[in-house]
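Below is one structure, written out as structure tokens, with a few remarks after it.
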Protein chains: 2
Amino acid sequence: MDFSSKLLEQAVYEMSQLPGIGKRTALRLVLHLLRQNENQTLQLAEALTNLRTGIKFCKNCHNISDTELCEICANPNREASIVCVVEDVRDVMAIENTSQYRGHYHVLGGKISPLDGVGPQDLTIQSLKEKVKSGGVEEVIFALSSTMEGDTTNFYIYRQLEEFGIKTSTIARGIAVGDELEYADEVTLGRSILHRIPFENSLKN
Amino acid sequence: MDFSSKLLEQAVYEMSQLPGIGKRTALRLVLHLLRQNENQTLQLAEALTNLRTGIKFCKNCHNISDTELCEICANPNREASIVCVVEDVRDVMAIENTSQYRGHYHVLGGKISPLDGVGPQDLTIQSLKEKVKSGGVEEVIFALSSTMEGDTTNFYIYRQLEEFGIKTSTIARGIAVGDELEYADEVTLGRSILHRIPFENSLKN
Ligand SMILES: [Zn+2]
Ligand SMILES: [Zn+2]
């Protein structure tokens with residue numbers, strides 16, 4: 001692209017560094033900002049700067065937080081003995097939205113993925129191990145996505161925690177509530193039959 | 001969404017103000033920035049701020065420019081007597097990329113669209129009229145998109161310039177080079193037959 005302005009070119013370049021934002025989209029977004037009030041751009045720039053420079057991670061669960069201890073870890077009504085292992089803050093938000101979980105989390109910060117150069121040492125696995133080792137944790141729930149990387153990570157952590165003899169579980173996979181069986185993929189449908197639950201249990205919620 | 005951090009919430013909110021960026025996408029983009037080097041976020045914020053506060057528009061053609069007169073208007077090898085009327089800087093870039101045009105531009109800054117509250121006075125039409133009135137312009141080429149708004153705008157400008165007796169033209173519409181006739185829409189195909197050109201002319205390029 002042949003830009004008539006270095007300022008425009010630079011802004012489009014930086015915007016296009018974001019994942020899924022090509023040069024064309026970046027240009028469209030930047031031109032939109034130029035048509036809006038100057039404040040909108042300045043507020044966006046400030047919010048991003050404030051986030052990136054001021055962000056903290058909860059020292060207990062590694063969730064994004066504005067305070068040393070996140071709201072969940074700081075809440076005495078949450079059960080610290082149950083720890084749900086998730087990939088990132090989006091998973092925490094998704095599970096929190098269900099209002100079905102009252103335990104703590106442990107945010108790994110990713111999945112083990114040799115292809116992407118992510119090894120166990122790049123995640124917060126050691127911190128989880130120490131948390132379990134120091135006592136008080138009764139159950140660890142694996143809630144990573146069911147991809148090869150997710151399964152690998154689950155298994156790696158499972159082996160790391162084995163010696164402590166705590167309960168480990170994984171979230172149930174199955175047909176989404178309200179979905180038609182015929183449209184479900186075979187693997188999901190297969191697992192949902194294999195891991196069927198007593199009918200009485202399905203009436204509880 | 002239930003955010004664990006006000007800083008995160010604010011950044012996601014500002015990002016989601018961009019067109020086509022929902023809350024989910026905004027969150028994905030912001031979390032991506034958090035995983036990258038701090039510099040990437042600071043450079044994005046700075047580029048947007050610099051653009052929005054430092055942007056100039058060419059005093060002759062209203063194209064985005066870092067200088068009072070854009071590179072095209074300042075170039076003595078471009079023909080100032082031919083003026084191509086376009087909607088925004090993206091159209092200038094698209095036409096420049098063809099390397100087929102050596103005249104000047106006039107950037108309207110939009111199209112007349114009563115539904116969106118855009119009237120002739122919101123565009124740079126008066127400036128175009130004055131440019132033509134002051135002499136030196138021999139031809140005005142309309143290169144707006146062929147939508148109802150584009151056609152309305154073309155016709156409005158055409159009427160405004162009528163009194164000056166200059167040549168006006170519009171870019172050719174037709175089947176894209178390399179496209180199959182059978183997949184072309186009827187309107188385009190119809191126009192391309194109606195506005196057929198002498199065969200010899202098609203051999204020139
Ligand atoms: Zn926490
Ligand atoms: Zn210019």
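All chains are named by letter (A, B, ...) in the order of the sequence lines, taking the proteins before the strands, and each is independently numbered beginning at 1.
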Chain B: which of A/Leu34, A/Leu48, A/Leu42 shares the most heavy-atom pairs with it under 4.5 Å?
A/Leu34
More than 12 non-hydrogen atoms from neighbouring residues, nucleotides or ligands closer than 6.0 Å to CZ on B/Phe57, yes or no?
yes
Let's test your reading of the structure: which of B/Gln10, B/Arg90, B/Glu38 forms the most heavy-atom pairs below 4.5 Å with chain A?
B/Glu38
Atom CD of B/Gln160: over 12 foreign heavy atoms under 6.0 Å:
yes
Could you check which of A/Ala45, A/Ala11, A/Pro19, A/Cys70 has the highest count of heavy-atom pairs closer than 4.5 Å to chain B?
A/Pro19
May I ask you to test the A/Leu7-B/Ile64 pair for a side-chain heavy-atom distance under 4.5 Å?
no
In terms of heavy-atom pairs under 4.5 Å with chain A, which of B/Glu96, B/Glu71, B/Gln43 leads?
B/Gln43
Determine the sole option in B/Thr41, B/Asn37, B/Val30 for which the side-chain contact (heavy atoms from CB on, under 4.5 Å) test with A/Arg52 is passed.
B/Thr41
Heavy-atom count around A/Tyr13 OH within 6.0 Å, excluding the residue itself: above 12?
no
A/Val92/B/Ser4 under side-chain contact (heavy atoms from CB on, under 4.5 Å): CA gap, chis, key distance, verdict:
CA-CA 9 Å; A/Val92 174; B/Ser4 55; 6.0 Å; no
Contact class of B/Asn50 relative to chain A, heavy atoms under 4.5 angstrom:
both
Would you find more than 12 non-hydrogen atoms of other residues, nucleotides or ligands less than 6.0 Å from A/Glu139 atom CD?
yes
Stepwise, does the side-chain contact (heavy atoms from CB on, under 4.5 Å) test hold for B/Ile21 with A/Ile21?
CA-CA 10 Å; B/Ile21 309 265; A/Ile21 310 265; 4.1 Å; yes
Report yes if some heavy atom in the side chain of A/Leu33 is under 4.5 Å from a heavy atom in the side chain of B/Leu18; otherwise report no.
yes
Assess whether atom CZ of A/Phe164 is packed by more than 12 heavy atoms of other residues, nucleotides or ligands within 6.0 Å.
yes
Is the number of heavy atoms from other residues, nucleotides or ligands within 6.0 Å of CD (B/Gln40) greater than 12?
yes
Part of A/Gln36 within contact of chain B (heavy atom distance under 4.5 Å):
backbone
Under a 4.5 Å heavy-atom cutoff, which of B/Lys6, B/Glu14, B/Lys56, B/Arg35 has the most pairs with chain A?
B/Glu14
